[in-house]
Amino acid sequence: MSDVPTRVAVACQGGGSHTAFTAGVLRRLLDEPAPDYDLTAFTGTSGGALCALVAWYGLRTADAATARRGLAGLWTDVGTRGPVDSLVNFGVVSLARLLDGGFPVAQISPAYNAGARMATRRLRNAIEAQVDPAVLADLVAEDDPPSPKLLVSAVDATDGTFEIFTDRPAESPAVDPETAWLEERPKPLSVDAVLASAAVPTVFEGVRLPDDPGGPVHEYWDGLFSQNPPVRNLLDGPDRAGAKPDEIWLVRINPRVKRGDFSTLAAIADRRNELAGSLSLAQELHFVEQVNGWIEDGVLPRERYKPVTVREIELDESRLDGDRPLRTASKFDRRASFLEDLMALGERQADEFLADRDAHRLLGPA
């Protein structure tokens, strides 16, 4: 074993309530008393962004134990509390199942839905119970922030562009109006940005944020439409190869492969949702593989770039103690017992991952 810890970035895929699994994975990764790895970055989308934010915040403001408690507290607050909340949750999940099955159900825009606004407020309260917005703003304003760094993705529905929110936004360069939609200018991280990453537009109202300080307001939607999660951005900077991650550990929620019959509307809806959350990730991973190849061929200088290994922890629904199979509708399920089962499974699978990381290599050097 090398005396130098492996520099690891953890990338957390989105998937609604299913990302309670991610919270369990992160809790286990943060539980090593003397790990041979250094968690230098977190990236996340939607529910994965919530988990990444709380883990990052705990490490930046205190320690791993605080991060672990924050992850548990977040999902406790998200989960159902009391019979009325449980009844509301049952109605939401049942409605989602009817919609996926093609049944004609009257719908109302989240902009005019009091229930949607209440759900957004509750999610904000759950985040802010673990992440103080004022402290978060101070962390983002630091000139030379320490590790780990954080990247959160959302989509700018106004411009139709991918957006990254981070704790270390670069100075915005001069942008050519003709190619502005191609420019990547990381924006400052905030609780609103994380809510934007989780704002499924048919369920939650989009989050409106200024494109630049004092600039026009744009509407942002769920990162499911965007990078899910951000991966290639981890290779963009810094300029020294030694400061980049050695490995990316991907927490995958949506399965790559799905066997079975897709003849029913419900099955089609489920697989369409999974693919929407995974196809952009496939492109991100292809980019990593391509960069690795360019380094091997000598096209990219090794003083600035280095080959990166990607390892994967994929949610295995067959091992859940409780309900399965997982469906699109269950991504809205906030039953406390369901979330606890997912978190416990995440801890078990992360434990197995740490015991034999080589068995989980997805691409890159062995």
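The first residue in the sequence is number 1, and the count goes up from there.
Here Thr40 contributes atom OG1 and Leu59 contributes atom CG; the two are 11.5 Å apart, rounded to the nearest 0.5 Å. Here the OG1-CH2 distance, from Thr166 to Trp56, works out to 8.5 Å after rounding to the nearest 0.5 Å. Atom CD1 of Ile313 and atom CD of Gln13 lie 13.0 Å apart (nearest 0.5 Å). Going from atom CH2 of Trp75 over to atom CG of Leu342 covers 8.5 Å, rounded to the nearest 0.5 Å. For the atom pair Leu362 CG and Glu289 CD, the distance stands at 9.0 Å (nearest 0.5 Å).
Under the 4.0 Å criterion applied to side-chain N and carboxylate O atoms, Glu247 and Arg7 are not assigned as salt-bridge partners. The residues Asp36 and Arg357 are annotated as salt-bridged, a charged nitrogen and a carboxylate oxygen being separated by less than 4.0 angstrom. Under the 4.0 Å criterion applied to side-chain N and carboxylate O atoms, Asp77 and Arg122 are not assigned as salt-bridge partners.
Within the structure, salt bridge (charged side-chain N to carboxylate O under 4.0 Å, His left out) contacts touching residues 19-35 (residues at least two apart or in different chains) are Arg27-Glu347, Arg28-Glu32, Arg28-Asp351, Asp31-Arg68. Sequence neighbours left out, the pairs with a member in residues 39-67 that pass salt bridge (charged side-chain N to carboxylate O under 4.0 Å, His left out) are Arg60-Glu142, Arg60-Asp167.
The other residues sharing a hydrophobic cluster with Ile108 are Tyr112, where clustering joins ILVMFWY side chains under 4.5 Å apart.
The shortest non-hydrogen separation linking Gly14 to Ile253 is O-CB, 3.9 Å. Contact record, Phe42 with Ala52: CB-CB, 4.0 Å, taken as the closest heavy-atom pair. Scanning both residues, Leu281 and Pro229, for their nearest heavy atoms gives CD1-CD, 3.9 Å. Summarising the geometry of Arg256 relative to Arg271, their closest heavy-atom pair is O-NH2, 2.8 Å, with the distance given to 0.1 Å. Pairing each heavy atom of Leu136 with each of Tyr57, the nearest pair is N-CE1, 4.3 Å. Nearest heavy atoms, Ile248 versus Ala11: CG2-CB, 4.2 Å.
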CA sep, side-chain torsions, deciding dist, call: Trp221, Phe204, ring pair (Phe, Tyr, Trp, His ring centres under 6.0 Å): CA-CA 9 Å; Trp221 286 356; Phe204 301 108; over 10 Å; no

Step-by-step side chain to side chain contact (heavy atoms under 4.5 Å, CB included) determination, Ile127 to Asn125: CA-CA 5 Å; Ile127 296 171; Asn125 290 340; over 6 Å; no

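Across Ser197, Pro186, Ser46, Cys12, a single residue satisfies side-chain contact (heavy atoms from CB on, under 4.5 Å) together with Val152, and that is Ser197. With Glu312 as the partner, the side-chain hydrogen bond (donor to acceptor under 3.5 Å, both in side chains) test is satisfied by one option alone out of Arg252, His360, Arg361: Arg252.
Panel note: side chain Lys244, backbone Leu235; a donor-acceptor pair is recorded below 3.5 Å. Side chain of Thr158 to main chain of Glu219: a donor-acceptor pair is present (N/O by atom type, distance under 3.5 Å, no hydrogens or angles).
Taking the six-membered ring for Trp and the full ring otherwise, Tyr37 and Trp249 have centroids separated by under 6.0 Å.
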